[in-house]
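Only this structure's heavy atoms are used, side chains among them; waters, hydrogens and symmetry mates stay out. Both counts, for ligands and for their atoms, begin at 1 and track the order of listing. Numbering of residues begins at 1 and proceeds along the displayed sequence.
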Amino acid sequence: MKVAIIGAGNVGTALATSFARAGHDVIITSRDPEDAASAAAASGGRIVETNAAAAAEADVVIPAVSFASIAEVATEIAGPAAGKPVVDVTNRIGFGEAGPDIDTTSSNAEELATLLPESSVVKAFNTLFASNQVDPVSDGVQLDGFVAGDDVSAKTKVLELVRSIGLRPIDVGPLARARQLEGLAFLNMALNIVNQGSWQSGWKLVGAPASVPAAA
Ligand SMILES: NC(=O)c1ccc[n+]([C@@H]2O[C@H](COP(=O)([O-])OP(=O)(O)OC[C@H]3O[C@@H](n4cnc5c(N)ncnc54)[C@H](OP(=O)(O)O)[C@@H]3O)[C@@H](O)[C@H]2O)c1
């Protein structure tokens, strides 16, 4: 698949590395062309000048940016990403008096879907720290890649991308399940923050009902 990764930070570089290793055609953009060039060199991808041009070329678009930048990116890619899967990898975390906290009444993915009504937004990769997006094995266990989305065809493509980089793909249902996937990621982040962890922990569902779709 031709995958456009928008953002050349931890996640952009990690996913670009895994996708390139799996044989996908990876294109990367960033606000700073030098960052995009470094990420492309490190991962085996190639740079494209603008977010819109990357989205126009790709089969699947992945904005690997903070959620604060999502609206800006969505404006740029709305036209060229129309009719394509757009993968939301973003997470949410806040800090209250009692420490880390999260609003679970909606999800970043559902908010992105309202910004990109012509695209098929799929939630994936957010439950894995960047280290495990590169290496999907933790403590000798193959980690899960949970995928949520409303459009079956787009979700099937993303499940295949998840499988191709060595994760066990699990279809968790409609896009609204992104609230729980963002919750899973939040819990993992909060545990590492509170316990000064090494950010290597990941999620594996064991003993799932036989009818849970584990692959495309
Ligand atoms: N880090 C993790 O382990 C992890 C795991 C799962 C999910 N996530 C989620 O993944 C997302 C990215 O996290 P990260 O750790 O990779 O963040 P990061 O290291 O800060 O990287 C974000 C990248 O996006 C770029 N960017 C921002 N706005 C852009 C725009 N309009 N066009 C193109 N590029 C733009 C940034 O460029 P500038 O430097 O110019 O701002 C930066 O290169 C976040 O939403 C996070 O919640 C992170």
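- Side-chain atoms of Asp88 come within 3.5 Å of backbone N or O of Ala109 as a donor-acceptor pair.
- Contacts between Ala130 and ligand 1, counted as non-hydrogen atom pairs separated by less than 4.0 Å, involve both the backbone and the side chain.
- Annotation: Ile6 places no N or O atom under 3.5 Å from an N or O atom of ligand 1; distance criterion only.
- Looking only at heavy atoms of the protein, atom 15 (O) of ligand 1 is closest to Asn10 ND2, 3.0 Å.
- A salt bridge between Glu160 and Arg163 is present, with a side-chain N of the basic residue lying under 4.0 Å from a carboxylate O of the acidic one.
- For atom 26 (N) of ligand 1, the nearest protein heavy atom (residue, atom name, distance) is Val65 CG1, 3.5 Å.
- In this structure, atom 20 (O) of ligand 1 is not in close contact with the protein, since no protein heavy atom lies within 4.0 Å of it.
- In this structure the side chain of Lys157 never reaches within 4.5 angstrom of the side chain of Val162, judged on heavy atoms.
- Of all protein heavy atoms, the one lying nearest to atom 39 (O) of ligand 1 is Asp35 OD2, 3.9 Å.
- With a 4.0 Å cut-off on non-hydrogen atoms, Arg31 touches ligand 1 through its backbone as well as its side chain.
- For atom 32 (N) of ligand 1, the closest non-hydrogen atom on the protein side is Asn51 ND2, 3.0 Å.
- Classified by interplanar angle (parallel below 30°, tilted 30° to 60°, perpendicular above 60°), the ring pair Phe129/Trp199 is tilted.
- Listed by number with element, the atoms of ligand 1 under 4.0 Å from a non-hydrogen atom of Val73 are 30 (C), 31 (N).
- No continuous path of ILVMFWY side-chain contacts below 4.5 Å connects Ile27 to Ile165, so the two sit in separate hydrophobic clusters.
- With Ala54, Ala71, Ser30 as candidates, the residue nearest to atom 36 (C) of ligand 1 on a non-hydrogen basis is Ser30.
- With hydrogens left out, the protein atom closest to atom 25 (C) of ligand 1 is Gly7 CA, 3.8 Å, a heavy atom.
- Side-chain contact between Trp203 and Asn188 is present, with at least one heavy-atom pair separated by less than 4.5 Å.
- Among protein heavy atoms, the minimum distance from atom 31 (N) of ligand 1 is reached at Glu72 OE2, 3.0 Å.
- Residue Ser69 has at least one N or O atom closer than 3.5 Å to an N or O atom of ligand 1.
- The other residues sharing a hydrophobic cluster with Val121 are Ile6, Val61, Val65, Phe67, Ile70, Val73, Ile77, Val86, Leu112, Leu115, Leu116, Leu175, where clustering joins ILVMFWY side chains under 4.5 Å apart.
- Looking only at side-chain heavy atoms (C-beta outward), Val3 and Leu161 come within less than 4.5 Å of each other.
- Centroid-to-centroid, the aromatic rings of Phe125 and Phe19 come within less than 6.0 Å.
- Residue contacts with ligand 1 include Leu128, since one of its heavy atoms falls under 4.0 Å from the ligand.
- For the residues Ala64, Ala14, Pro63, the heavy atom positioned nearest atom 23 (C) of ligand 1 is part of Ala64.
- Minimum interatomic distance between Gly173 and Lys155 (heavy atoms only, all atoms of both residues): O-NZ, 2.9 Å.
- Looking at every heavy atom in both residues, Val158 comes nearest to Ala124 through CG1-CB, 3.7 Å.
- Summary of contacts: the protein heavy atom closest to atom 46 (C) of ligand 1 is Asn91 N, 4.1 Å.
- Contacts between Thr127 and ligand 1, counted as non-hydrogen atom pairs separated by less than 4.0 Å, are absent for every part of the residue.
- Distances below 4.0 Å separate heavy atoms of Ala8 from the following atoms of ligand 1: 23 (C), 43 (O).
- Protein heavy atom at the shortest distance from atom 7 (C) of ligand 1 is Val89 O, 3.1 Å.
- Under 4.0 Å from ligand 1, heavy atoms of Val11 appear from its side chain as well as its backbone.
- Nearest heavy atoms, Gln142 versus Arg168: NE2-N, 3.5 Å.
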